There are 2 protein chains.
Amino acid sequence: MASALNEASDRLIARPSGLAEEVYRRVRADIMSLKIPPDTRVSVDSLARELGVSQTPILREALSMLEANGLVSKRHFAGYATSPRMDRAQLDELFEFRLLIEPHAARKAAEAMAEPDLALLASGEAAPSHDAFADMDTEFHRLIAQGAGNHLIADSLARLHIHVHIFRSCFRSEITEEAVREHTAIIAALQARNGAHAEAAMRRHIERSYGRLRDFIKD
Amino acid sequence: MASALNEASDRLIARPSGLAEEVYRRVRADIMSLKIPPDTRVSVDSLARELGVSQTPILREALSMLEANGLVSKRHFAGYATSPRMDRAQLDELFEFRLLIEPHAARKAAEAMAEPDLALLASGEAAPSHDAFADMDTEFHRLIAQGAGNHLIADSLARLHIHVHIFRSCFRSEITEEAVREHTAIIAALQARNGAHAEAAMRRHIERSYGRLRDFIKD
DNA sequence: TTTGGCGAAATCCTATAGGATATTTGATCC
DNA sequence: GGATCAAATATCCTATAGGATTTCGCCAAA
C-alpha cells in the first residue's frame, strides 16, 4: 500500500519497484479471491517455493505489509495466518466507520470531483458476474473516495473495502440489483453536483448494504 | 502497530514478541522525538550497527511497518527516508479527517466509556513541560478513541496522532493553556455522560487546535 | 561560474546456511 | 477410552556473503 501521507503522482516511470511489491500484490490477490481462505496458516516456505523466490526479505516484507493492512496476523515463532472472517462485532465496527467517512466523501466528491472521473464512474456500471460486481463495487467506492480529494480518506476506505470484499466473497452474496440501483442514485446526485443528495444517497446505500450483509451472520 | 481488525486482549503473557517489534518501537520513538528529523535518510546499516542487530529481517520488517504507518517512505535501491514535514495541504486533510472521526468518538465515549478509563482520563491532566504535554495530549485522545469501543476508530486516530505529534514537535508549540481548558471541557461532558456536549466540545477543540497549528505554516 | 560526465563509495537487494522455537503426532499410562 | 508426556517435524528467526543500483564528489569544458 502507498504510505498514508505521501502521495506520489501517477505519472512515474515504471520502476522495477522491487519484488516485495510484486509478492505483496500477488498474495493480497490470493487472499481477496479466497484462494487462501480466512483463518488459514500461511507458510513462508511454501510461498517461497511456489513463487520461486527466496524468503528474505521478500516474503517477510510482503507479509509485514499485509499485516499492517490487517489481512494477516503474526504470532511469534508460529508463523503468519490470514485473519479470521469478520464476526458480527467487527462488521458493526466496520460499517460504523464507513458511515462516518463515506457520506462525507460523497458530499465532497459531488462538489469537487473531476469531470473525467465522474464519466468513468458512470460508464462502469455493468455487473454480469459476481466477481465483476465485487470489483466494480470496490472501484465505485474507490473513485468516490478519491474524488473527495483527501488521501487519508481514500487510503482508509481502500483498506476497509478489502475486508468488505472478502466478507462478501465468503458468502457469494448475489444481491446486486438493489445495490446497482443505489449506485445509480448516487451517481445521479454526483452528476447533478448535489452534495446533500449524494451524502444522503451514500448513507442510505451503506445502511442497506449493512443490512444485506448482516443477514449472513448468525454468531 | 496492531492489525486493523484483530484485537488481542491486553491480558497476555509477555511474549518475547520478536526483535522486529522492539526495533519498530525504538525507531518510531526516535522519529517522534525528532531525533531523526523529517525528510532525512535512514540507513539500514547505521541502524543495524547502532542497535547491535542484524539487517535481515529486523530492520526491513520494522521499516516496512513504519512505511505502512506513513512515517517513512521507501525508494527502490535508494533506501528509506523519513517523511517530510506536513505541508498545508496535508495538515488540512488530516484535520478534515479528525473532524469526521473524533467528535463522533467523543459522543460514543460519553455514552459507553468505562468508569475506570474516565477516572484515568481526569487524573492525567497535568502538563508541566512541552514533551509532557505532547504525550498527555496523545494519551488523552487515545483514551477517548478507545472509549468509543471501535478498534478501527482507535487505530486510525492513533496513526494520525503520530503525525500531529511530529508536526507539533517541529515547532515546539507552547500553547498549552488553551488546549488544557478545552480538554477540561471535554472531560466534564464525558463525566456528565452528555454525548451531545462531548461531541461539540471535541469539535471545538479540534477546530481551535487546527487554528493554532495552521499559523506555523507559511508555504 | 555553471554544466556535464565519470568514477568511487555507500547503500540496498537477494540468496543461502545454521540456530531456536512452537506445533503436531505418536506412544504410554491411568 | 481419555489424558499426559516426549520426540519429531515444520516453521520461523538471525547472520553472513555476493550482486546490482543509486548517490555523491571530482574534474574538465563551455
Side-chain angles (χ1 to χ4, degrees), chain A residues 1-3 6 8 12-27 30-31 36-68 71-84, chain B residues 2-3 6 8-9 12-27 30-31 36-68 71-84:
Chain A
M1 187 192 70
S3 67
N6 291 325
L12 281 177
I13 288 110
R15 289 232 188 175
S17 78
L19 274 182
E21 188 81 12
E22 203 71 25
V23 174
Y24 167 75
R25 292 176 187 279
R26 170 70 174 270
V27 177
D30 286 351
I31 294 177
I36 305 176
D39 210 7
T40 304
R41 293 194 47 174
V42 177
S43 159
V44 174
D45 289 354
S46 308
L47 274 178
R49 272 189 294 274
E50 178 186 345
L51 301 180
V53 295
S54 160
Q55 303 177 9
T56 45
I58 307 134
L59 289 179
R60 301 186 64 73
E61 258 186 272
L63 288 175
S64 288
M65 293 165 74
L66 288 169
E67 187 189 16
L71 289 170
V72 303
S73 57
K74 187 179 73 169
R75 282 192 307 172
H76 196 45
F77 281 111
Y80 290 87
T82 49
S83 302
Chain B
S3 68
N6 292 325
S9 69
L12 281 178
I13 289 108
R15 289 236 186 168
S17 77
L19 275 181
E21 189 80 12
E22 203 71 24
V23 174
Y24 167 76
R25 292 176 187 280
R26 170 70 176 271
V27 178
D30 285 352
I31 293 177
I36 305 177
D39 210 7
T40 304
R41 291 195 47 176
V42 176
S43 159
V44 173
D45 288 355
S46 307
L47 274 178
R49 271 189 294 273
E50 178 186 345
L51 301 178
V53 294
S54 160
Q55 303 177 9
T56 47
I58 307 132
L59 290 178
R60 301 186 64 74
E61 259 187 90
L63 289 174
S64 288
M65 293 166 72
L66 289 169
E67 186 188 17
L71 288 169
V72 302
S73 57
K74 185 179 75 168
R75 280 192 308 170
H76 197 47
F77 282 111
Y80 290 86
T82 50
S83 301

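Letters go in sequence order (proteins before strands), and every chain restarts at 1. This one's a predicted model, so the numbers in the text were calculated from it and none came from an experiment.
Looking at heavy-atom distances under 4.0 Å, Ser43(B) makes contact with sugar-phosphate atoms alone, never a base.
Note: CG (Leu47(B)) to P (dA10(C)) measures 17 Å, nearest angstrom. Nucleotide dC12(D) holds its C1' atom 14 Å from the CD atom of Glu67(A), rounded to whole Å. Atom CD of Gln55(A) is separated from atom P of dA15(C) by 11 Å (rounded to the nearest Å). Here the P atom of nucleotide dT14(D) and the CZ atom of Arg49(B) are 19 Å apart, to the nearest Å. The distance between atom CG of Leu63(A) and atom C1' of dC13(D), rounded to the nearest whole Å, is 14 Å. Residue Asp45(B) contributes atom CG, which lies 11 Å from atom P of dA10(C) at whole-angstrom precision.
Contact check, Arg75(B) against dT23(D): a side-chain N or O comes under 4.0 Å of OP1 or OP2.
Salt bridge Glu21(A)/Lys74(B): absent, no basic N to carboxylate O contact under 4.0 Å.
Between the CD atom in Gln55(A) and the OG atom in Ser43(A) there is a gap of 8.0 Å [rounded to 0.5 Å].
The closest donor-acceptor contact from the side chain of Thr40(B) to the backbone of Pro38(B) lies under 3.5 Å. For the pair Thr82(A) (side chain) and Val72(A) (backbone), a donor-acceptor distance under 3.5 Å is absent.
For Ala78(B), whose side chain is taken as the heavy atoms from C-beta onward, the closest listed nucleotide among dT22(D), dC12(D), dA15(C) is dT22(D). You'll find that the side chain of Val44(B) is closest to dC12(C), out of dT23(D), dC12(D), dC12(C). When distances run from any side-chain atom of Arg41(A) to the nucleotides dC13(C), dT23(D), dT23(C), the shortest one goes to dT23(C).
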